[in-house]
Amino acid sequence: MSTEPSTQAAGLTQADPDALLSVSGLKKHFPIKRGVLQRQVGAVQAVDGIDFSVKSGETLGLVGESGCGKSTTGRLLSRLLEPTAGSIMFEGRDIAHLSTSQMRPLRRDIQMVFQDPQSSLNPRHTVGTIVGAPFHIQGIETPNGVKRAVQDLLSMVGLSPEHYNRYPHEFSGGQRQRIGIARALALKPKLIVADEPVSALDVSIQAQVVNLLEDLQNELNLAYVFIAHDLSVVRHISDRVAVMYLGKIVEIADQSVLYTKPHHPYTTALMSAVPIPDPDRKDGKAEGQVERIRLTGDVPSPINPPAACRFNTRCWKAQDICRTQEPPLLQIGGLSEAGFEHRVACHFPENV
Amino acid sequence: MTTLPGDASALTDDFGEITPEPGTPAAKAIEGRSLTQIAWTRLKRDKIAMTAMCIVILMCVIGACASFVAPHLGGGPNTFHSNLIDGDTSLPIGTAGGISSKHWLGVDPGSGRDIAARVIKGAQWSLLISFLATALTVILGLVAGLLAGYFGGWVDAVVNWLMAVFLAFPVVLFGIALASGLPLRAFGFSPIWLRVTLLILVIGGFGWAYFGRIVRGQVLTLREKEFVDASRSLGASELRIVFKEIMPNLIAPTLVFASLAIPGNILAEATFSFLGVGIPLPEPSWGGMLNDSLSQYQYDPAYLFIPGLAIFVTVLAFNLFGDGVRDAFDPKAGR
């Protein structure tokens with residue numbers, strides 16, 4: 001794989017030659033059209049220039065509050081959406097603007113697990129049809145027939161192969177999510193984009209599904225982009241975590257570092273909101289817990305985001321420079337124990 | 001594989017005993033029940049709908065066999081029996097419109113044709129036209145609704161505009177104008193088949209807009225479902241998404257619409273025939289017989305009553321059956 005760093009990132013990140021997936025300058029603007037002539041009057045800047053990379057076998061968590069563009073990012077990676085700008089290098093090939101037919105063979109390598117197990121399985125199809133669809137669509141011959149392959153997949157995700165002829169409505173939420181995972185695994189992908197895969201599940205089922213995803217990762221050397229807003233789940237499964245705010249990545253670091261020593265004020269605020277289940281705490285705070293930071297105001301509209309640093313309207317550290325100059329996503333400190341760099345986009349980082 | 005005890009017990013709880021033997025092809029295959037199968041089970045428990053369905057099937061059998069049965073009933077639908085007509089009043093001789101062992105439902109005034117044979121032959125035309133018109137409506141509505149809902153944009157705008165035009169169209173007046181304007185024979189059709197084709201085109205061709213709107217609404221919600229994204233992320237083509245992912249989900253609304261549209265179309269055919277622009281005389285039709293009976297209904301009420309009852313029973317049975325189908329597919333819909 002030979003990638004040219006200079007063409008990919010505007011001097012911000014060096015493309016990692018080992019990276020399975022490497023994204024730079026990725027943007028998605030949804031046009032807002034008005035009037036009879038459908039003139040474009042503006043754009044929702046859902047994703048506005050993000051850079052990151054994922055190694056094979058690694059899990060990158062993508063967190064942020066609703067509307068920050070994390071789901072859009074997932075859809076861009078799996079090319080359900082076409083980016084407005086930027087590149088998505090997958091195994092050294094830019095897939096950002098491939099056509100449907102050019103993309104088809106690559107779909108074997110990039111698969112998605114969806115949020116809502118109720119809606120991600122067609123209620124009119126049997127489990128066999130759903131999990132067998134990848135083979136039919138991709139025209140893959142299986143040595144012992146599609147049925148056998150589907151049954152193997154079902155047992156791999158902890159379902160009975162005898163459920164082949166059943167319909168989605170006959171399963172619980174957790175089981176349905178397993179069917180969705182089996183479908184994603186069918187083509188032996190290298191990367192799975194999981195868009196809030198456990199958000200719609202009961203807490204007790206969440207753990208089972210997350211553990212299943214981890215086991216499958218170890219077994220099949222999968223890379224995950226794990227999108228979620230539940231910080232504890234992300235912490236559990238991720239190697240690295242990227243924090244998004246209003247279409248930008250504000251901080252990206254090793255999971256353990258990010259949760260213990262966040263640099264970006266937004267990350268600090270986010271982390272302080274994680275509830276710690278500790279019945280013994282007396283002062284309302286667990287040991288090591290920082291004071292809960294309450295952000296004031298709403299998330300600004302992505303149609304007209306604040307200039308320069310997008311967090312400046314809600315940040316308690318904001319100064320003039322934050323309103324005039326956009327902070328680049330720069331590396332701070334050395335590499336973590338796991339060998340990951342810690343990047344933050346802030347003029348006045350915390351905990352330094 | 002790690003074992004997941006929690007889920008494993010959930011499996012057995014939900015589905016009874018399960019022996020997970022991944023290698024062997026399921027010895028006792030568990031058959032799942034599709035939503036359509038569940039609806040059918042539910043429908044079978046609905047006594048009113050099942051009674052209605054029996055009547056509907058009976059009517060369909062009668063209509064389908066009419067060409068073979070009617071000629072042998074009381075001399076056939078178009079045979080005159082002037083010996084059964086009172087020469088002075090032109091009314092049938094005998095009680096209740098001349099009911100006899102040979103003419104079960106009597107004969108019609110004026111000409112003495114067997115009413116049973118005419119009602120049966122009328123059922124054939126009525127059902128043929130309403131079924132084919134409904135099929136046309138369903139096909140046009142599905143195509144229009146899928147195009148508008150799936151592709152959106154200017155296609156949606158054009159289809160919506162067309163639907164608005166068709167919904168505002170005075171169908172009956174248009175049908176009358178068209179039928180009276182056309183020659184007796186045209187395009188190589190015989191007089192009867194020309195009118196039948198015309199009725200199918202007018203009734204079916206103007207009914208699609210309503211169904212098209214239903215389909216469009218359904219497709220708008222379906223195309224946003226994650227299973228469409230899932231199919232796309234597997235590399236499925238647009239055609240596959242439309243036919244394999246979206247279409248199967250339109251089965252329920254289509255069945256419900258069709259079963260409720262058929263009685264409406266039976267009434268529409270009867271209306272056109274009553275107004276004289278439907279099935280051309282002397283071919284029998286329910287609407288035509290009703291019109292025919294009006295001049296003498298004070299003296300021969302049986303002649304008015306019999307085709308009226310045929311329309312009433314058929315339409316009621318279809319409607320009750322349609323209601324049953326709707327309830328079966330959507331048990332939460334209030335009665």
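Within every chain, numbering begins at 1; the chains are lettered A, B, ... in the order of the sequence lines, protein sequences first and strands thereafter.
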Heavy-atom distance under 4.5 Å to chain B: side chain of [X], backbone, both or neither?
X         : result
Arg79(A)  : neither
Leu121(A) : backbone
Gln118(A) : neither
Leu154(A) : neither

Note: Asp116(A)-Lys225(B) ion pair, threshold 4.0 Å (strictly below): no
Residues in side chain to side chain donor-acceptor pair (under 3.5 Å) contact with Asp94(A), at least two apart in sequence or another chain: none
Atom pair [atom1] ([X]) and [atom2] ([Y]), whose distance is rounded to the nearest 0.5 Å:
X         : Y         : atom1 : atom2 : answer
Arg108(A) : Leu234(B) : CZ    : CG    : 11.5 Å
Ser120(A) : Asp229(B) : OG    : CG    : 10.0 Å
Asn122(A) : Ile241(B) : CG    : CD1   : 11.5 Å

Test item: side-chain donor near acceptor, Arg232(B) and Thr100(A), under 3.5 Å: no
Derivation and outcome, side chain to side chain contact (heavy atoms under 4.5 Å, CB included), residues Ile38(B) and His169(A): CA-CA 11 Å; Ile38(B) 288 171; His169(A) 61 86; 3.3 Å; yes
Heavy atoms from other residues, nucleotides or ligands near OH of Tyr210(B) exceed 12 (cutoff 6.0 Å): no
Full working for side chain to side chain contact (heavy atoms under 4.5 Å, CB included) between His125(A) and Glu245(B): CA-CA 8 Å; His125(A) 289 173; Glu245(B) 302 290 339; 3.8 Å; yes
Sub-4.5 Å side-chain heavy-atom contact between Ser237(B) and Arg104(A): yes
Least distance between heavy atoms, Ala133(A) atom then Arg240(B) atom: CB-NH2, 4.0 Å
Leading residue by heavy atom contact count with chain A [cutoff under 4.5 Å; candidates Ser233(B), Pro248(B), Ser231(B), Ala230(B)]: Ser233(B)
